[in-house]
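Report on the structure given below.
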Amino acid sequence: MKKVYIETMGCQMNKSDAERMYGMLEHCGYTQAIEPKDADMLIVNTCSIRKLSEDKAYSQIGVWGKWKKNKPSLKIVFAGCVAQQGGKNVFKRAPYVDLVLGTQRLYELPNLVKRIEEGERIASYDETPFEETDIKINRVKGTNAWIPIMEGCNNFCTYCIVPYTRGRERSRKPELIIAEAKKALSEGFKEITLLGQNVDSYGKDLEPYQNLSWLLRQINAIEGNFRIRFVTNYPTDITDELIDTVIESDKVCEYFHIPMQSGDDYTLKKMNRRYDLKTYKKICDHIRSRVKDVTITSDFIAGFPGETEEQFENTLKAMSELELDYSNTAAYSPREGTFAAKWKDLYIPEEVKSERLARLNEHNRECCLISNKKYIGREMEVLIENFEIRKNGNKVITGRTRNNKIVHIPYEKDITGEFINVKITNARTWYLNGEVL
Ligand code: SAH
Ligand code: SF4
Ligand code: F3S
């Protein structure tokens with residue numbers, strides 16, 4: 001059998017796509033290569049969210065292009081978000097690429113592989129999605145199974161490329177999702193994470209109309225001991241029904257990822273986000289008042305075009321005021337084709353952006369530590385994800401609480417996949433320490 005290696009960049013959606021590609025390629029006679037050097041086909045599954053991630057994709061492919069000189073039979077595939085956006089222009093920058101596979105054409109892979117094996121060079125990036133087929137999924141081993149429930153975005157935040165790389169919002173059929181969840185659970189996975197750029201939009205396009213709360217209840221009803229998570233929520237789309245569902249469904253975890261992007265009202269408007277600080281705060285307060293021990297995490301961008309020092313400081317203030325438990329942070333990166341990228345006269349100098357990002361990160365660390373300290377002395381259920389013997393000989397298991405806090409626990413043996421009750425003994429910035437009860 002031939003071998004394929006996939007290098008995945010970007011978000012969980014891309015990681016999930018890679019598991020699907022491995023599955024489809026198995027049917028085409030390819031097994032998974034451990035090392036890229038051993039592969040007959042190399043796939044870079046790209047991310048386009050920032051310029052840095054796009055550059056990384058091209059530099060990866062540059063390295064592989066050189067390998068092809070000594071191994072002309074090597075097939076190189078450029079997939080993912082940069083591929084969807086770049087289309088056949090990718091060939092200009094990387095002439096050694098055999099196949100450009102846009103995100104919308106993922107399920108066309110088996111047909112295309114046959115054609116490139118016969119020597120064709122193809123760019124498939126039509127915006128009409130290639131219809132999903134029932135495929136095998138080769139999941140990365142572990143405790144958590146990612147299941148996409150919807151793809152795409154209709155929001156067009158002015159900085160963001162995703163609506164152009166993932167297309168318009170589309171929901172997957174519930175019966176497919178539920179079957180995938182059952183299969184993953186039967187394979188031993190202990191956690192299902194439902195994925196989507198805006199999970200709250202789930203079901204709006206389905207016939208009959210469905211929603212995320214309904215889907216969560218369906219999955220919650222599957223027998224067995226497991227957890228359910230969902231990402232990402234758009235702040236103003238979170239409904240009372242969803243909050244009720246989280247409270248009432250025993251398997252659905254107390255965790256919301258609600259990107260805020262900025263704590264400044266003017267900047268939020270310029271970003272085309274449909275809320276202000278007051279509204280976002282109301283949403284957080286409401287969730288916290290109803291869901292016990294809930295973790296709320298967020299995303300923030302530093303140095304959006306035109307952002308003043310004062311506006312940036314409003315973001316820092318919001319992070320503490322809202323008691324956010326953790327935030328992903330990034331310096332603004334102009335993405336060609338988006339609205340904000342055109343506001344060149346408002347760009348913030350690189351050094352100011354990096355300085356703001358550093359302060360954002362420092363502030364995030366402080367918020368995380370404050371959040372973690374809340375749990376010292378508490379008893380919590382942990383799903384074990386890992387076992388390691390450290391250099392000093394200490395044996396440690398690591399897992400997550402329902403509210404997504406990482407816990408390190410001294411323990412003699414590997415009990416990955418088990419749920420245990422732990423007492424939290426100490427809090428660090430990024431994790432908690434605990435002991436088995
Ligand atoms: N759907 C999610 C976010 C998906 S993109 C939402 O609505 O928030 C993931 C994160 O990347 C975003 O939350 C944003 O913080 C960051 N991001 C997106 N475009 C960016 C850009 N041009 N520069 C820097 N960060 C960006
Ligand atoms: Fe991007 Fe905004 Fe859509 Fe999120 S909601 S994917 S940030 S356009
Ligand atoms: Fe990147 Fe595409 Fe995800 S741009 S963040 S891989 S949706």
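Nothing here was measured: the structure is a model prediction, and the numbers come from that model. Numbering of ligands and ligand atoms starts at 1, following listing order.
Ion pairing between Glu385 and Lys190 fails under the 4.0 Å rule for side-chain N and carboxylate O. A salt bridge between Arg172 and Glu151 is absent, with no side-chain N of the basic residue lying under 4.0 Å from a carboxylate O of the acidic one.
In summary, Cys47 places no N/O/S atom under 2.8 Å from atom 3 (Fe) of ligand 3, failing the contact criterion.
Both the backbone and the side chain of Cys11 come within 4.0 Å of ligand 3, judged by heavy-atom distances. Under 4.0 Å from ligand 1, not a single heavy atom of Met271 appears. Of all the heavy atoms of Pro163, the ones lying under 4.0 Å from any atom of ligand 2 belong exclusively to the side chain. The proximity of Thr232 to ligand 2, defined as any non-hydrogen pair under 4.0 Å, does not occur for either the backbone or the side chain.
Considering backbone and side-chain atoms alike, Thr232 places every N or O at 3.5 Å or more from each N or O of ligand 1.
The nearest heavy-atom contact from the protein to atom 4 (S) of ligand 3 is Ser48 N, 3.2 Å. In this structure, the protein non-hydrogen atom closest to atom 4 (C) of ligand 1 is Val162 CG2, 4.8 Å. Here the protein heavy atom with the shortest distance to atom 7 (S) of ligand 2 is Tyr159 OH, 3.3 Å. Nearest protein heavy-atom contact of atom 26 (C) of ligand 1 is Ile301 CD1, 3.8 Å. Nearest protein heavy-atom neighbour of atom 4 (Fe) of ligand 2: Arg273 NH1, 4.2 Å. Given atom 3 (Fe) of ligand 2, the protein heavy atom at minimum distance is Cys153 SG, 2.2 Å. In this structure, the protein non-hydrogen atom closest to atom 2 (Fe) of ligand 2 is Cys157 SG, 2.3 Å. Among all non-hydrogen protein atoms, the one lying nearest atom 1 (Fe) of ligand 2 is Cys160 SG, 2.3 Å. Considering only non-hydrogen protein atoms, atom 22 (N) of ligand 1 sits nearest to Ser333 O, 2.8 Å. Of the protein's non-hydrogen atoms, Cys81 SG, 2.2 Å is the one closest to atom 2 (Fe) of ligand 3. For atom 5 (S) of ligand 2, the closest non-hydrogen atom of the protein is Asn155 ND2, 3.4 Å.
Ligand 3 does not have Met13 within reach: every non-hydrogen atom of the residue lies 4.0 Å or more from it. Remark: distances from the non-hydrogen atoms of Arg166 to ligand 2 are all 4.0 Å or more. Using a non-hydrogen distance threshold of 4.0 Å, Gln197 registers as a contact of ligand 3.
A centroid separation of less than 6.0 Å is found between the aromatic rings of Phe230 and Phe256.
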